[in-house]
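Following: one structure in structure tokens, then a few remarks.
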Protein chains: 4
Amino acid sequence: MTTPAPRFAGVVPPTVTPLTQEGEVDVNSLERLVERMLAAGVDGIFALGSSGETVFLTDRQRDQALEAIVKTVGGVVPVIAGCIEPTTRRVLDRAEASARLGADALVVTAPFYAIVGPHEVERHFRSVAASAELPTLAYDIPVCVHTKLSTGLLTRLAAEGVLAGVKDSSGDDVAFRQLVLAVAEHAPDAGFGLLTGHEVVVDAMMLAGASGSVPGLGNVDPAGYVRLHRACVGGDWDAARREQDRLTRLFRIVEAADPATAAGATRGVGAFKTALALLGVIDSNAVSLPLRPLDADETARVRTQLELAGLL
Amino acid sequence: MTTPAPRFAGVVPPTVTPLTQEGEVDVNSLERLVERMLAAGVDGIFALGSSGETVFLTDRQRDQALEAIVKTVGGVVPVIAGCIEPTTRRVLDRAEASARLGADALVVTAPFYAIVGPHEVERHFRSVAASAELPTLAYDIPVCVHTKLSTGLLTRLAAEGVLAGVKDSSGDDVAFRQLVLAVAEHAPDAGFGLLTGHEVVVDAMMLAGASGSVPGLGNVDPAGYVRLHRACVGGDWDAARREQDRLTRLFRIVEAADPATAAGATRGVGAFKTALALLGVIDSNAVSLPLRPLDADETARVRTQLELAGLL
Amino acid sequence: MTTPAPRFAGVVPPTVTPLTQEGEVDVNSLERLVERMLAAGVDGIFALGSSGETVFLTDRQRDQALEAIVKTVGGVVPVIAGCIEPTTRRVLDRAEASARLGADALVVTAPFYAIVGPHEVERHFRSVAASAELPTLAYDIPVCVHTKLSTGLLTRLAAEGVLAGVKDSSGDDVAFRQLVLAVAEHAPDAGFGLLTGHEVVVDAMMLAGASGSVPGLGNVDPAGYVRLHRACVGGDWDAARREQDRLTRLFRIVEAADPATAAGATRGVGAFKTALALLGVIDSNAVSLPLRPLDADETARVRTQLELAGLL
Amino acid sequence: MTTPAPRFAGVVPPTVTPLTQEGEVDVNSLERLVERMLAAGVDGIFALGSSGETVFLTDRQRDQALEAIVKTVGGVVPVIAGCIEPTTRRVLDRAEASARLGADALVVTAPFYAIVGPHEVERHFRSVAASAELPTLAYDIPVCVHTKLSTGLLTRLAAEGVLAGVKDSSGDDVAFRQLVLAVAEHAPDAGFGLLTGHEVVVDAMMLAGASGSVPGLGNVDPAGYVRLHRACVGGDWDAARREQDRLTRLFRIVEAADPATAAGATRGVGAFKTALALLGVIDSNAVSLPLRPLDADETARVRTQLELAGLL
């Protein structure tokens with residue numbers, strides 16, 4: 001008897017949401033972005049995550065983006081949809097919309113803005129999972145929600161079948177390793193997906209037992225992440241490391257924006273979109289307020305990194 | 001020539017949003033709550049703030065609550081409406097709804113969830129104020145949004161007329177005092193409202209130069225806060241201190257919920273609602289998921305504090 | 001029957017430790033500094049606190065500074081000596097030295113560097129107080145030690161006579177107010193000293209029930225803090241506020257150092273020493289590595305503030 | 001031409017400092033501990049690190065422990081000595097003692113307690129390295145000192161030869177991977193040692209490019225870490241992962257102490273010492289105040305983990 005493969009595994013890039021200059025969803029660009037990912041061989045698509053500027057979009061725009069993604073994917077791989085709202089009821093409204101629009105699973109963070117503790121966090125995930133039609137993955141992203149999901153909580157919810165997996169963007173590799181082992185012991189038959197969100201250590205986290213990755217940088221180089229994943233799965237760790245090293249260098253595009261005038265989301269999402277525009281995948285590097293798009297100098301620095309990585 | 005009085009000043013309680021057992025807005029209870037505040041002599045009402053469970057409500061519920069508050073207030077005092085969303089466009093959608101429903105001003109936090117820096121924060125407030133019809137107050141609440149608004153930013157936006165005031169829930173009295181002086185120097189004619197959100201140090205912050213307060217505990221004892229404010233304005237600091245000491249003791253209702261199973265919002269909003277239900281002002285102490293209502297033991301502890309404070 | 005006055009009350013400035021260019025304690029300057037404080041009418045001296053660069057000095061230098069202070073004070077007011085070390089035994093070694101050198105009380109922080117929780121923190125204070133000859137005050141300074149002392153802990157240790165007082169540099173005025181009331185209820189006869197360390201809100205904290213202050217800025221203008229304290233004690237809150245406002249503006253000397261190349265301790269202690277050198281009280285504005293002294297431009301900005309405050 | 005091997009590489013366990021019941025250094029136990037590590041084939045010894053309770057020991061005790069370690073090691077492998085003090089001069093005093101007692105290198109953290117910024121941190125390392133006789137390694141441990149050393153700083157100091165390596169206990173695998181690549185590009189000939197301090201992800205960090213590890217758990221199972229290291233170096237990643245998985249499970253001894261009454265250091269160092277006492281390597285599981293030793297129930301839980309790991 002073997003442990004079942006997690007349903008949510010492999011390379012699952014979190015798509016950016018291309019925008020027009022007027023701030024509307026650029027559906028054509030989004031379709032091209034997703035098609036390129038599928039052509040590269042990705043194993044799933046994560047719609048409306050942090051890279052997707054979810055918290056910047058209106059509900060109408062979120063629906064529009066998810067609809068376009070589901071249509072483009074056409075059932076070839078699972079689409080997991082971010083339902084990123086501060087509290088339970090608002091998450092459930094997004095869960096309903098996601099199910100209606102054809103998503104295959106939900107991704108839900110701990111509550112945010114609201115000041116909560118472990119009991120509220122657990123009640124949140126249990127309430128969402130109990131009411132939602134689709135399988136629920138936890139999104140562990142303390143840098144945004146300021147709560148770290150504990151190994152104990154995740155293991156318990158995995159074992160009970162409340163959660164189908166986790167996207168780990170916690171930056172806490174020690175906890176992730178402990179989670180891998182705890183899930184193997186307490187929920188061996190759950191098919192619980194252990195996805196790392198850290199695009200520069202995918203090889204290391206795969207060695208540590210991850211099921212796959214949700215790499216923001218996979219917007220820019222999905223083929224690289226597919227090669228990396230296959231090398232890991234095939235046990236060719238030297239090849240994996242080489243590919244990872246190239247991608248880790250490519251990740252320096254997020255340092256292109258001037259730190260004196262741009263922070264976190266501007267630098268990250270702004271760089272991904274700028275790279276995609278330079279690659280001709282999307283039409284514009286426009287981002288949502290209060291972010292700003294990268295300027296000409298910053299764009300030139302992104303171009304340099306794309307050239308060094310062999311993408312331009 | 002004298003400095004103009006801020007338009008947003010005095011006691012401006014942030015209303016809780018009473019809920020039915022089914023989680024819907026209990027409009028009758030809300031009306032009674034607001035009427036009691038008006039009868040106590042408050043100077044304004046803050047709708048849909050943190051105490052109002054804004055981030056737990058759907059947009060429809062927010063509209064319903066705001067509409068009931070505006071109708072009940074009937075123009076007697078200003079209604080300021082929380083527009084608490086992570087990013088600019090979503091705030092502007094709430095700003096539009098608030099104006100349509102008759103609010104007199106907006107209250108806006110720094111972006112949250114999104115990872116931003118000082119430039120994004122400043123662009124956020126400038127963009128909101130430029131597009132919104134109503135005056136905008138900043139809501140400085142780092143415990144929820146994890147960004148402290150700097151004295152420099154607030155002073156600049158006060159002097160330029162971008163912001164009409166601040167609700168300070170930063171817990172940083174040193175910065176608040178520095179802001180008071182900076183506003184007096186750089187924006188003396190702005191009528192900039194300096195409202196403290198810390199209900200247990202209103203006397204001290206009034207001495208330090210606040211224009212008024214936004215006390216969550218003012219849901220429970222609005223008359224106490226009106227007396228406190230009048231004592232401060234009248235220079236009777238001993239009376240102010242005695243009233244504040246009583247209210248500070250009353251604030252111990254937020255310690256009624258068992259810390260082993262309840263955190264921040266459960267303990268605070270849960271206690272305010274429980275007290276109001278005990279006082280017969282609202283029908284139920286129901287709160288939104290993932291919070292839980294206070295149980296019988298916890299309710300008994302709230303009752304004790306109400307008795308000690310002379311309210312029951 | 002009345003509550004006994006705390007022994008440690010009034011204005012208790014935390015002396016800087018003047019240094020020579022070679023980094024040795026400048027005893028003559030230190031004596032002049034302390035004499036000026038005594039002449040201003042201070043109620044105590046806090047030696048070897050954060051402003052005193054304690055964690056930058058060797059044990060020999062600490063002894064030298066404390067010895068000079070005790071000698072200069074000559075028993076006129078109490079000398080309280082910082083025993084700032086990461087853990088219990090090291091604190092006790094400093095406690096022994098402090099007693100030997102003639103200090104009247106100890107000031108002790110929560111453990112630092114070591115990762116501890118509430119039980120370790122409580123054991124630390126109990127162990128120190130049990131072994132030390134002198135009364136012990138807690139130093140609540142989370143910005144340095146990254147632990148906030150809870151109201152419950154402080155009240156308990158006050159009631160049991162373990163601690164003789166607290167220097168509150170927590171920046172948490174809400175907790176301070178709650179502590180004032182809790183001590184009044186649970187330790188009314190303890191003579192527990194409630195000293196605020198925030199020099200820009202002394203009037204507000206005195207209104208809230210503080211026994212006195214430990215103002216770093218009291219190095220520069222001890223007479224101003226004595227006037228402020230007396231106004232508070234005499235109930236002349238308008239005079240207190242005016243004096244405080246002047247001092248709060250004077251505190252802008254800590255913004256003189258360029259934030260691009262200087263942080264926290266450089267800006268604070270560096271400015272105090274520069275002001276004292278400009279005032280002719282100490283010979284040099286030298287600070288300890290890795291801090292740097294303020295340069296000529298920065299010194300000019302300090303001079304401007306001293307002039308505005310009427311000190312030069 | 002090949003990149004030189006770092007001098008500080010391989011398995012370098014940070015020794016605990018065994019204590020007697022009276023709190024004195026138990027030199028005999030310490031010698032046995034070190035001999036067991038040497039017999040296991042470790043590549044170096046890290047004396048007086050966080051696991052060594054450095055900040056709990058007096059200078060005399062530190063000297064005693066370091067002397068015993070150097071003598072026992074007898075030059076077979078390098079001894080690197082923690083010089084963990086808040087500020088530059090105090091570090092240099094420890095650096096001098098370390099050199100005098102025969103250490104081969106120093107390990108130095110960012111300043112702590114003192115409030116500093118990037119310029120002060122850089123000046124600290126440059127000042128220490130300029131004055132110290134021995135090579136200096138940086139100790140990146142934000143959980144204790146509350147400053148993360150930036151990739152830029154470490155790369156610059158590596159390239160200039162100021163630092164000989166880093167012990168990374170930052171818990172930030174993303175930054176560690178970026179550091180590995182930056183050092184390879186900018187300081188390829190520096191022989192800069194990249195040591196991970198996270199004992200549960202050594203395989204992953206070795207894949208990512210670490211030179212070795214400083215595993216606290218290596219006190220308990222040095223042979224396991226030597227096998228793990230050799231598997232990594234030999235490219236047998238499956239064997240490495242199996243060994244790491246076993247060790248990661250063994251690391252659960254740090255969960256043995258009751259979290260209701262014991263935090264961080266008590267749970268970690270307390271467990272290591274308890275395990276070593278159970279294994280007969282050291283005489284007592286005594287720890288320094290304000291920590292407490294593990295009790296009988298907790299010790300039983302450690303025993304269980306030792307048995308599961310095949311050590312008992």
Side-chain angles (χ1 to χ4, degrees), chain A residues 23-24 50 53-61 84-93 109-128 130-131 141-147 257-269 287-292, chain B residues 19 23 50 53-61 84-93 109-128 130-131 141-147 257-269 287-292:
Chain A
E24 291 304 316
S50 304
E53 288 173 80
T54 309
V55 297
F56 297 84
L57 303 177
T58 65
D59 286 351
R60 180 182 60 75
Q61 291 177 314
I84 299 181
E85 286 284 345
T87 54
T88 312
R89 179 156 184 173
R90 291 183 68 92
V91 169
L92 281 170
D93 281 358
T109 69
F112 52 95
Y113 188 92
I115 305 171
V116 294
H119 280 77
E120 286 88 357
V121 172
E122 181 155 353
R123 196 178 296 121
H124 179 65
F125 282 110
R126 289 188 182 279
S127 301
V128 167
S131 296
I141 186 159
V143 72
C144 290
V145 304
H146 303 275
T147 296
D258 181 357
T261 62
T266 296
R267 305 187 84 198
V269 176
V287 290
S288 309
L289 278 173
L291 311 186
R292 66 162 177 80
Chain B
L19 298 175
S50 304
E53 290 173 79
T54 309
V55 297
F56 298 84
L57 304 177
T58 64
D59 285 350
R60 180 181 60 74
Q61 292 177 314
I84 300 182
E85 286 282 346
T87 52
T88 311
R89 179 158 184 171
R90 292 182 68 92
V91 169
L92 282 171
D93 282 358
T109 69
F112 52 94
Y113 189 92
I115 305 171
V116 294
H119 280 77
E120 285 88 358
V121 171
E122 182 157 352
R123 197 179 294 122
H124 179 65
F125 282 110
R126 288 187 182 279
S127 301
V128 167
S131 295
I141 186 160
V143 72
C144 290
V145 304
H146 303 275
T147 295
D258 182 357
T261 63
T266 296
R267 306 188 84 201
V269 176
V287 290
S288 311
L289 278 172
L291 310 186
R292 67 164 177 79

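So that the names make sense, note that chain A is the first sequence line, chain B the second, and so on, each numbered from 1.
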Please assess Thr54(A) against Tyr113(B) for the test side-chain contact (heavy atoms from CB on, under 4.5 Å), listing each intermediate value before the final yes or no.
CA-CA 10 Å; Thr54(A) 309; Tyr113(B) 189 92; over 6 Å; no

Nearest heavy-atom pair of Arg89(B) and Gly23(A): which atoms, and what distance?
NH1-O, 3.4 Å

Would you please classify the geometry between the His146(B) ring and the His146(A) ring as parallel, tilted or perpendicular, with 30° and 60° separating the classes?
parallel

Let's test your reading of the structure: which of Gln61(B), Arg123(B), Glu85(B) forms the most heavy-atom pairs below 4.5 Å with chain A?
Arg123(B)

What residue in Ala260(A), Pro259(A), Gly268(A) has the most heavy-atom pairs under 4.5 Å with chain B?
Ala260(A)

His124(A) vs Leu289(B), side-chain contact (heavy atoms from CB on, under 4.5 Å): CA-CA, chis, key distance, verdict
CA-CA 7 Å; His124(A) 179 65; Leu289(B) 278 172; over 6 Å; no

Interchain contact, Arg126(A) with chain B, by part (heavy-atom threshold 4.5 Å)
neither

With respect to chain B, which residue among Val269(A), Ile115(A), Thr266(A) yields the maximal number of heavy-atom pairs within a distance under 4.5 Å?
Ile115(A)

Please state whether the side chain, the backbone, both or neither of Arg292(B) comes within less than 4.5 Å of a heavy atom of chain A.
both

Side-chain ion pair, Glu53(B) and Arg90(A), N-O less than 4.0 Å:
no

What is the distance from atom CG of Asp59(B) to atom CG of Asp59(A), rounded to the nearest 0.5 Å?
7.0 Å

Among Thr88(B), Thr87(B), Val145(B), which residue forms the greatest number of heavy-atom pairs with chain A at distances under 4.5 Å?
Thr87(B)

Provide the closest heavy-atom pair for Gly117(A) versus Ala263(B) in the form atom of the first, atom of the second, distance.
N-CB, 3.2 Å

Under 4.5 Å heavy-atom distance to chain B, tell me which part of Glu122(A) shows up: side chain, backbone, both or neither.
neither

Pick whichever of Thr261(A), Thr58(A), Val116(A), Leu57(A) has the most heavy-atom pairs under 4.5 Å with chain B.
Thr261(A)

